[in-house]
Number of protein chains: 2
Amino acid sequence: MVINSEFFMNLALKEAWKYQGLTYPNPAVGCCVVSENETILSVEAHKKSGLPHAEVEALKSAYIKLTNDSKIQTLTNSADIHKYLIKNHNDIFKNCSVYTTLEPCSHIGKTPSCADLLCSLGVKKVYVGALDANPEASCGNEKLLNANIEVQNGILQNECQELLYPFDRWSENKFVCFKWAQRLNGTYDDGIITSKESRKNVHDMRDKCDLLVIGGETVRVDRPTLDARLVDGKSPDILIYSRQKEFDKTIPLFEVKNRKVIISDKLDIIDDYKNIMIEGGANMFEATCDIVDRYLCYIAPKVGGSKVFQTNMEEFEILNILQDDKDIIMWLK
Amino acid sequence: MVINSEFFMNLALKEAWKYQGLTYPNPAVGCCVVSENETILSVEAHKKSGLPHAEVEALKSAYIKLTNDSKIQTLTNSADIHKYLIKNHNDIFKNCSVYTTLEPCSHIGKTPSCADLLCSLGVKKVYVGALDANPEASCGNEKLLNANIEVQNGILQNECQELLYPFDRWSENKFVCFKWAQRLNGTYDDGIITSKESRKNVHDMRDKCDLLVIGGETVRVDRPTLDARLVDGKSPDILIYSRQKEFDKTIPLFEVKNRKVIISDKLDIIDDYKNIMIEGGANMFEATCDIVDRYLCYIAPKVGGSKVFQTNMEEFEILNILQDDKDIIMWLK
């Protein structure tokens, strides 16, 4: 194994993928801080909109590792962490390098600018994966260079662009993800398939998306709730994709508050939303594959069931594999 | 992400799993060397019997990183690397820590003792995953302690024991692995399924095992060669598990030199072998599941075929997931 820039960027990438989809409307970003002699000081990711950016999380962890000053630990607000670091850094970062999957942001939005923070702390070098195409946030590199911080672009650029893709899509227009859960032998019928941890992850995705698309047959047979109760999250609006418009309104999904339920035999309504998740089996897959940007597949290491995920899509490319306590969570394109 | 002893041991573990099964008759072992300030100097694994042990590979790489003396690069023989390191180390390892998934060997076998090497180099501390139960090789820790090297046992012990399990089995008696390849939707019929890199890995496994078990139907239908040509390896003996004893002898597997082909409706013959791989589909799986120690599953991210890997085995535990260029290589129990 070679321990080089790609290795450190890959750590940042893997950490960021854990939160893919969950950072909406922000991008998934990972960051790794290393010392002068390439000791890994921290690897962190942006976890959720409103929480600190990856760079801030990573600089906070690195600060604790370098100083043993754990007073910063209790700070969760990004502006507070910025202030604390700027006041107390004492030049400890001056020989550190920062690997970030995305060019540090230059604008002051919900949180202060990461580029400004890196400049204030006077880090030595920033390795950037993907450049920021967002005109509001870009120019991060320019700020760094003006503050005499070395910048090296293009470390695992393709992989970092791939990580950024959902953000690019929902920023420009909309992002559509097709999610399914299956056993190792490809089946997806016959009761609960995945572990509780996987289902929590699905609920977390539902909490972040604004429209959930589901097939009429699934609604009739499974009588689902389609909320985000396992993570105390909000319930997305629902599009029931169905030719038949009549549904038994005692099916739990209709009783969830603060959500709109649309029943339609067309998918046009998704154009009104930004972050859309389709949940379903092979039929829904076939019906929607023309509008899907990425696939999210949960695989339980089990055999059983009888209905196989058989589609006309012949080949996928694996973008990321994550192993939770029991299952595999895989992003595909 | 927490950067601690478990993190470093996990790097060693992941590297070692890449060579699981390929180190026969030796155990799969990984090793990570870190400096005083916890900079990762190297992560290496034992790759093949006769090649240097993981500790030697890792110390060699760490030496190059610390000294830029690349003369050692050309040395591949373990004894030569030992000699070179002992002569030239100049105490550069005196503050280094070594994470090894298995207690360093104490005996002089095909290669000199790793424990002796660690003592000669005077490393500071050795973190050990699993203890060595092999009476010939054990006492590594004792040697280290006698040389005033700190030893900490039990880092990711269960995971390291799991890595060691095939070795434990073939050392005590025999190790039986069931291998299958499938698409994402669980099918395994209809032509070549996995990528060339996955098939090379299978050939590498065949080269290392001494008996390959295959079903009679597969032999008749697929007319396979069942050799290790993709890695220029040796061809294992074959047990065709079949009630019907007559086979067309122009099927390529019969024409491979230096191999025995046994045709039997019993599996008893496997007791004469140490490292056995069964290749097959759902029927062979059912017929052999009582004697299988571990499962090796190749998943191509494709959909297609029609014959599904449907068995009575209900649940697996994922031991390791490796992503090659296209596919997933997964060890299960």
Side-chain angles (χ1 to χ4, degrees), chain A residues 1-3 7-8 11-12 14-15 18 30 32 34-45 58 61 65 182-188 282 285 295 297 299-306 308-328 330 332-333, chain B residues 1-3 7-8 11-12 14-15 18 30 32 34-45 58 61 65 182-188 282 285 295 297 299-306 308-328 330 332-333:
Chain A
M1 190 185 288
V2 185
I3 312 298
F7 175 84
F8 298 121
L11 289 177
K14 294 299 281 182
E15 191 66 14
K18 294 182 187 169
C32 172
V34 306
S35 74
E36 183 174 15
N37 42 38
E38 300 207 320
T39 302
I40 301 167
L41 300 176
S42 62
V43 184
E44 302 290 350
S61 293
K65 181 130 181 174
Q182 64 163 68
R183 295 182 191 81
L184 191 53
N185 66 331
T187 60
Y188 62 100
F285 186 100
Y295 302 91
C297 175
I299 305 179
K302 296 175 182 170
V303 166
S306 57
V308 169
F309 198 85
Q310 191 69 285
T311 74
N312 287 325
M313 174 95 172
E314 285 183 354
E315 201 155 349
F316 298 90
E317 183 188 328
I318 299 172
L319 302 175
N320 191 66
I321 302 175
L322 182 69
Q323 194 183 343
D324 71 13
D325 61 341
K326 287 187 179 164
D327 304 336
I328 296 172
M330 189 159 60
L332 303 151
K333 74 174 182 185
Chain B
M1 189 186 289
V2 186
I3 313 297
F7 174 85
F8 298 122
L11 289 178
K14 294 299 281 182
E15 191 65 16
K18 293 182 189 171
C32 172
V34 306
S35 73
E36 182 173 18
N37 42 37
E38 300 205 319
T39 301
I40 301 166
L41 300 175
S42 61
V43 184
E44 302 290 350
S61 292
K65 181 132 182 172
Q182 65 163 67
R183 296 182 192 82
L184 191 55
N185 66 332
T187 59
Y188 63 100
F285 186 100
Y295 302 91
C297 175
I299 305 180
K302 295 176 183 171
V303 166
S306 57
V308 170
F309 199 84
Q310 191 69 286
T311 74
N312 287 324
M313 175 96 172
E314 285 182 355
E315 203 155 345
F316 298 89
E317 184 189 327
I318 298 172
L319 302 175
N320 192 67
I321 301 175
L322 182 70
Q323 194 183 341
D324 71 14
D325 62 341
K326 287 187 177 160
D327 304 335
I328 297 172
M330 190 159 59
L332 302 151
K333 74 173 181 183

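For clarity, every value in this text was computed on a predicted model and none was experimentally measured.
In terms of heavy-atom proximity, B:Val303 sits nearest to A:Phe316 at CG2-CE1, 3.7 Å.
If you measure heavy-atom distances from A:Gln182 to chain B, the contacts under 4.5 Å come from the side chain alone. Of the two parts of B:Glu44, only the side chain, counted from C-beta on, holds a non-hydrogen atom closer than 4.5 Å to a non-hydrogen atom of chain A. B:Leu332 touches chain A through its side chain: at least one heavy atom from C-beta onward sits under 4.5 Å away, while N, CA, C and O do not. Proximity to chain B (any heavy atom under 4.5 Å) is shown, for A:Tyr188, by neither the backbone nor the side chain. Proximity to chain B is limited to the side chain of A:Val308, based on heavy atoms less than 4.5 angstrom apart.
A:Met1 CE to B:Ser61 OG: the interatomic distance, rounded to the nearest 0.5 Å, is 11.0 Å. Rounded to the nearest 0.5 Å, atoms OG1 (A:Thr39) and CD1 (B:Ile3) are 10.5 Å apart. Taken to the nearest 0.5 Å, the CG atom of B:Leu184 stands 9.5 Å off from the CG atom of A:Leu184. Rounded to the nearest 0.5 Å, atoms CD1 (B:Ile321) and CD1 (A:Ile299) are 8.5 Å apart.
B:Val43 is not listed as a side-chain neighbour of A:Phe7, based on a closest heavy-atom distance of 4.5 Å or more.
Chain A forms the most heavy-atom pairs under 4.5 Å with one residue out of B:Gln310, B:Lys65, B:Met330, B:Lys326, and that residue is B:Gln310.
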